[in-house]
> 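Can you keep this structure in mind? I'll have questions shortly.
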Amino acid sequence: MTVKDILDAIQSKDATSADFAAIPLPESYRAITVHKDETEMFAGLETRDKDPRKSIHLDEVPVPELGPGEALVAVMASSVNYNSVWTSIFEPVSTFAFLERYGKLSPLTKRHDLPYHIIGSDLAGVVLRTGPGVNAWQPGDEVVAHCLSVELESPDGHDDTMLDPEQRIWGFETNFGGLAEIALVKTNQLMPKPKHLTWEEAAAPGLVNSTAYRQLVSRNGAAMKQGDNVLIWGASGGLGSYATQFALAGGANPICVVSSPQKAEICRSMGAEAIIDRNAEGYKFWKDEHTQDPKEWKRFGKRIRELTGGEDIDIVFEHPGRETFGASVYVTRKGGTITTCASTSGYMHEYDNRYLWMSLKRIIGSHFANYREAYEANRLIAKGKIHPTLSKTYSLEETGQAAYDVHRNLHQGKVGVLCLAPEEGLGVRDEEMRARHIDAINRFRNV
Ligand SMILES: C/C=C/C(=O)SCCNC(=O)CCNC(=O)[C@H](O)C(C)(C)COP(=O)(O)OP(=O)(O)OC[C@H]1O[C@@H](n2cnc3c(N)ncnc32)[C@H](O)[C@@H]1OP(=O)(O)O
Ligand SMILES: NC(=O)C1=CN([C@@H]2O[C@H](COP(=O)(O)OP(=O)(O)OC[C@H]3O[C@@H](n4cnc5c(N)ncnc54)[C@H](OP(=O)(O)O)[C@@H]3O)[C@@H](O)[C@H]2O)C=CC1
């Protein structure tokens with residue numbers, strides 16, 4: 001039995017759940033990995049010069065044992081997230097440290113502690129097998145997976161599963177991720193695949209869409225409301241392209257920051273009007289490595305006021321981190337919110353605290369999303385209210401190049417990876433709905 005047989009079953013319209021359950025599992029499958037014995041390969045290099053094409057491998061790996069509450073999924077497509085860039089350059093820490101720690105949790109999690117890390121935190125595919133205790137999902141179900149892995153053995157995670165002390169990001173802090181032909185997930189990661197999307201489109205939003213939903217919309221994040229001025233950094237990037245859509249769909253006013261006219265045009269095509277090209281306007285928030293320039297914060301704030309008719313920012317959607325955080329705190333209005341989920345340009349932030357406390361601003365830390373939030377975010381995709389922002393699709397063999405493009409900010413929106421899907425364009429089950437949304441679905445392609 002090979003993965004080809006699995007693929008044939010997926011493409012056969014008549015295959016039933018029993019047919020899927022009857023397919024013998026292959027012994028091995030192809031997966032994107034990084035190797036533990038290579039964690040020092042970029043020692044001494046600047047972050048920018050660490051090249052994912054050198055550390056990312058395509059290996060044949062054994063199918064992992066299936067545990068209680070888990071599923072093996074035939075992965076049709078996945079996507080590249082920035083966390084896979086971090087893994088592939090071994091920053092800020094080697095993710096093998098996470099696998100080692102998870103491996104110590106229980107005899108079952110020991111499976112994850114291997115000399116290779118199968119990465120990837122998104123998938124669209126078909127359930128092949130479910131483990132003991134799984135009732136909600138069956139072999140043959142067409143699914144997407146969110147990337148929250150929790151144990152929930154402590155009381156702490158039961159108000160909000162992101163607060164579980166054993167909360168992990170699948171495919172980053174656990175093994176057997178989505179950039180592979182088969183993935184191992186907990187079944188409480190599964191959600192229905194939006195029927196109007198191809199495999200690669202359905203695999204694109206998961207991680208970033210869920211994160212943006214919690215960070216901006218959820219009461220656990222900024223709880224955005226109608227009319228809010230929302231400053232969105234990287235507004236045509238992975239997170240930002242969903243934050244922009246949430247702002248527009250929720251009646252808010254996105255102020256989109258991008259770095260080229262092409263990216264500005266993408267934001268315009270989504271419906272945004274207030275757009276700042278940070279390159280063209282030449283903001284330099286740091287005079288040198290150690291000194292910020294408040295005059296530049298002010299110039300940036302003045303520009304925002306021009307675009308909003310004199311108003312300041314209610315919510316900053318932050319993720320660039322060190323480079324922008326001082327400006328983000330400055331331009332927020334009295335009582336406003338800076339919500340942050342990342343630090344791409346550096347995690348030691350500096351800001352002038354007088355502008356925070358005197359103006360009663362709040363900084364909210366946000367990280368991924370709980371199952372409910374991820375489900376809500378996926379539901380909005382399934383209803384055609386929010387659209388995937390897929391710009392380009394790579395083959396599994398080209399994943400290193402895809403990660404390189406994301407690392408070097410050469411991409412737009414999301415980049416997809418075909419895993420088992422033999423070509424782009426497959427997997428659509430609702431052509432009528434697709435036709436209604438086709439322009440929005442294709443907006444990010446070939447720009
Ligand atoms: C969905 C997608 C998301 C993304 O893309 S996010 C971007 C990618 N992710 C990242 O860049 C984050 C990567 N992760 C990390 O860098 C690290 O993961 C953290 C910095 C988040 C945490 O580091 P750690 O080493 O796990 O935690 P510690 O707290 O520095 O060290 C653990 C030890 O410190 C003790 N400790 C914790 N809190 C306290 C305290 N308040 N007072 C005293 N000690 C404390 C613990 O108990 C433990 O101790 P003991 O080593 O002995 O077990
Ligand atoms: N905690 C969590 O749950 C999550 C965290 N993340 C983290 O968020 C970060 C962004 O992820 P994602 O959106 O997918 O990445 P992308 O690279 O797709 O998009 C980020 C965008 O941010 C902008 N940007 C990058 N660097 C700077 C800078 N120095 N100053 C201003 N703008 C900048 C760029 O847009 P432009 O050049 O057009 O301005 C870029 O396109 C990553 O660090 C990632 O690990 C992501 C998802 C979840």
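Both counts, for ligands and for their atoms, begin at 1 and track the order of listing.
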> So is H411 close enough to ligand 2, meaning a heavy atom under 4.0 angstrom away?
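Judged by the 4.0 Å heavy-atom criterion, H411 does count as contacting ligand 2.
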> Does ligand 2 have any atom sitting under 4.0 Å from a heavy atom of T324?
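The answer is yes, since T324 has a heavy atom less than 4.0 Å from ligand 2.
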> Within less than 4.0 angstrom of ligand 1, does T211 place any heavy atom?
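The answer is no, since T211 has no heavy atom less than 4.0 Å from ligand 1.
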> Does Y82 come within less than 4.0 Å of ligand 1, judged by its heavy atoms?
no
> So which of G234, G238, A235 gets nearest to atom 19 (O) of ligand 2, if we judge by its closest heavy atom?
G238
> Less than 4.5 Å apart, any side-chain heavy atom of E70 and any of L184?
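Side-chain contact under 4.5 Å: yes.
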> Say whether R101, considering both its backbone and side-chain N or O atoms, lies within less than 3.5 Å of an N or O atom on ligand 1.
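Between R101 and ligand 1 (N or O atoms, distance only) the closest approach is under 3.5 Å.
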> Do the ring planes of Y283 and F285 sit parallel (below 30°), tilted (30 to 60°) or perpendicular (above 60°)?
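Rings of Y283 and F285: parallel, as their planes differ by under 30°.
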> Using the salt bridge (charged side-chain N to carboxylate O under 4.0 Å, His left out) rule, pick out the option among K414, R434, R443 that qualifies with E201.
R434
> Has Y347 got any heavy atom lying under 4.0 angstrom from an atom of ligand 1?
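Outside the 4.0 Å threshold, so no.
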> In terms of the angle between their ring planes, are Y82 and H407 parallel, tilted or perpendicular, with boundaries placed at 30° and 60°?
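Geometry flag for H407 against Y82: perpendicular rings.
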> Check this for me - ligand 2, S343, N or O atoms closer than 3.5 angstrom, yes or no?
no
> I want to know if ligand 2 touches L207 in the polar sense, i.e. an N/O pair below 3.5 angstrom.
no
> Which of the numbered atoms in ligand 2 are below 4.0 angstrom from a heavy atom of F368?
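This gives 2 (C), 3 (O) as the contact atoms.
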> Donor-acceptor pair, distance only, cut-off 3.5 Å: does the side chain of D141 make one with the backbone of V127?
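No, D141 side chain to V127 backbone: no donor-acceptor pair under 3.5 Å.
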> Apply side chain to side chain contact (heavy atoms under 4.5 Å, CB included) to F300 and L231, showing your working.
CA-CA 11 Å; F300 184 56; L231 179 70; 3.9 Å; yes
> Given H319, Q262, M162, R278, which has its nearest heavy atom closest to atom 25 (C) of ligand 2?
R278
> How far is atom 15 (O) of ligand 2 from the closest protein heavy atom, and which atom is that?
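Protein heavy atom with the smallest distance to atom 15 (O) of ligand 2: Y82 CD1, 3.6 Å.
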> Just which atoms of ligand 2 are under 4.0 Å from any heavy atom in K263?
36 (P), 37 (O), 38 (O), 41 (O)
> Where on E91 is there a heavy atom closer than 4.0 Å to ligand 1, on the side chain, on the backbone, on both, or on neither?
neither
> Considering non-hydrogen atoms of the protein only, which is the closest contact for atom 41 (O) of ligand 2, and what is the distance?
N409 OD1, 3.0 Å
> Give the atoms of ligand 1, by number and element, whose distance to some non-hydrogen atom of N83 is under 4.0 Å.
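Answer for ligand 1: 5 (O).
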> Which ligand 2 atoms, with their elements, are less than 4.0 angstrom from a heavy-atom of T211?
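Within the 4.0 Å cut-off of T211, ligand 2 contributes 2 (C), 3 (O), 4 (C), 48 (C).
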> Any N or O of T344 that comes nearer than 3.5 Å to an N or O of ligand 2?
yes
